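Owing to the predicted nature of the structure, the values given are computational and were not obtained by experimental measurement.
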Amino acid sequence: MDMRTRVTDALKDAMRSKEADRLATLRLINAAIKDKDIALRGEGDDQIVTDADVLAIMGRMVKQRQESARAYDEGGRIELAEKERAEIKVIEEFLPKQLDEAETEAAVAAAIEAVGAESIRDMGKVMGELKAKYTGQMDFGQVGPLVKERLG
């Protein structure tokens with residue numbers, strides 16, 4: 001089952017069970033997916049949003065909510081921070097399991113070997129390989145320095 005269908009089914013279930021907070025978050029996800037559809041159409045592409053696109057969208061949504069929750073905590077707005085964390089939990093239901101540190105290091109080593117990377121100039125190839133296989137499963141902002149360290 002593709003990601004779009006999973007989100008739509010969850011949205012319908014949330015409507016039936018009258019889970020207002022969950023429903024609101026699922027609607028935000030659905031809107032973000034539709035925004036991406038519209039953006040692709042505007043570029044003249046006839047393609048639809050892929051599962052990888054949806055995973056990237058959800059990853060960005062989680063990151064935005066983590067930053068907001070942190071800001072709310074610093075500002076003493078605990079109730080708003082908790083709302084952001086609740087939204088993160090709903091979004092993460094659709095994301096694949098995050099790789100732990102050992103799995104991430106193994107994935108980086110495998111990607112370096114797969115593309116035959118030898119120097120820092122090959123970092124783009126390695127990151128491309130990782131993004132193709134592990135979108136939604138790792139934070140590429142944290143993986144970048146690890147790749148750089150391995151190649152440097």
Side-chain angles (χ1 to χ4, degrees), residues 1-14 22-74 80-152:
M1 182 183 319
D2 71 334
M3 294 295 290
R4 184 186 300 252
T5 306
R6 286 181 55 206
V7 170
T8 303
D9 290 348
L11 190 109
K12 290 175 186 174
D13 290 343
R22 180 175 169 77
L23 180 61
T25 303
L26 292 168
R27 283 184 172 150
L28 287 172
I29 295 169
N30 223 7
I33 294 169
K34 287 179 181 176
D35 285 346
K36 182 69 174 178
D37 270 339
I38 291 167
L40 286 175
R41 262 188 264 136
E43 294 171 5
D45 290 343
D46 289 339
Q47 65 187 16
I48 58 169
V49 175
T50 63
D51 281 355
D53 292 332
V54 174
L55 289 174
I57 290 167
M58 288 184 184
R60 282 192 301 272
M61 292 176 82
V62 167
K63 198 170 284 188
Q64 289 168 345
R65 277 150 187 78
Q66 288 170 339
E67 290 170 8
S68 295
R70 195 171 19 259
Y72 287 139
D73 281 337
E74 290 170 4
L80 293 174
E82 290 303 316
K83 183 179 183 293
E84 295 292 328
R85 287 190 188 94
E87 287 183 6
I88 289 170
K89 285 181 182 161
V90 172
I91 296 167
E92 285 180 338
E93 289 174 25
F94 299 95
L95 294 173
K97 181 183 130 330
Q98 294 290 304
L99 299 180
D100 62 28
E101 193 172 329
E103 292 170 327
T104 300
E105 288 183 20
V108 168
I112 289 171
E113 188 176 316
V115 299
E118 296 175 359
S119 70
I120 198 72
R121 288 182 296 209
D122 299 321
M123 186 169 171
K125 292 179 190 172
V126 175
M127 293 301 285
E129 177 78 10
L130 289 170
K131 285 182 180 181
K133 289 185 179 179
Y134 300 103
T135 298
Q137 293 179 289
M138 60 175 61
D139 181 357
F140 292 103
Q142 293 176 348
V143 171
L146 179 63
V147 172
K148 197 173 196 178
E149 177 185 313
R150 290 270 178 99
L151 294 175

Less than 4.5 Å apart, any side-chain heavy atom of [X] and any of [Y]?
| X | Y | value |
| --- | --- | --- |
| Val115 | Asp122 | no |
| Val90 | Leu26 | yes |
| Arg60 | Lys63 | no |
| Ile57 | Asp35 | no |
| Val54 | Arg6 | no |
| Arg27 | Leu23 | yes |
| Met61 | Arg65 | yes |

Any chance you could measure [X], atom [atom1], to [Y], atom [atom2], to the nearest 0.5 Å?
| X | Y | atom1 | atom2 | answer |
| --- | --- | --- | --- | --- |
| Gln64 | Glu67 | CD | CD | 7.5 Å |
| Met127 | Lys131 | CE | NZ | 5.5 Å |
| Ile29 | Arg4 | CD1 | CZ | 13.0 Å |
| Glu105 | Leu146 | CD | CG | 5.5 Å |
| Leu99 | Thr104 | CG | OG1 | 4.5 Å |
| Ile88 | Glu82 | CD1 | CD | 10.0 Å |

Give me the atom names and distance for the closest heavy-atom approach of [X] to [Y].
| X | Y | answer |
| --- | --- | --- |
| Ala69 | Ala81 | O-CB, 3.7 Å |
| Met123 | Gly144 | CE-O, 3.2 Å |
| Phe94 | Met58 | CB-SD, 3.5 Å |

Item to check | From CA spacing to verdict: side-chain contact (heavy atoms from CB on, under 4.5 Å), Leu40, Ile48 | outcome: CA-CA 7 Å; Leu40 286 175; Ile48 58 169; over 6 Å; no
Checklist entry - Using 4.0 Å as the upper bound for N to carboxylate O, is an ion pair formed by Glu93 and Lys89? => result no
Checklist entry - Is the shortest distance from a Lys or Arg side-chain nitrogen in Lys125 or Glu129 to a carboxylate oxygen in the other one below 4.0 Å? => result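 No, this pair does not count.
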Checklist entry - So Arg22 and Thr25, side-chain contact (heavy atoms from CB on, under 4.5 Å) or not? Walk me through it. => result CA-CA 5 Å; Arg22 180 175 169 77; Thr25 303; 5.9 Å; no
Next on the checklist: If you count every heavy atom of other residues, nucleotides or ligands that lies below 6.0 Å from Glu113 atom CD, does the total exceed 12?
Outcome noted: no
Side-chain ([X]) to main-chain ([Y]) donor-acceptor, under 3.5 angstrom:
| X | Y | answer |
| --- | --- | --- |
| Asp73 | Arg70 | no |
| Glu103 | Asp100 | yes |
| Asp51 | Asp2 | no |

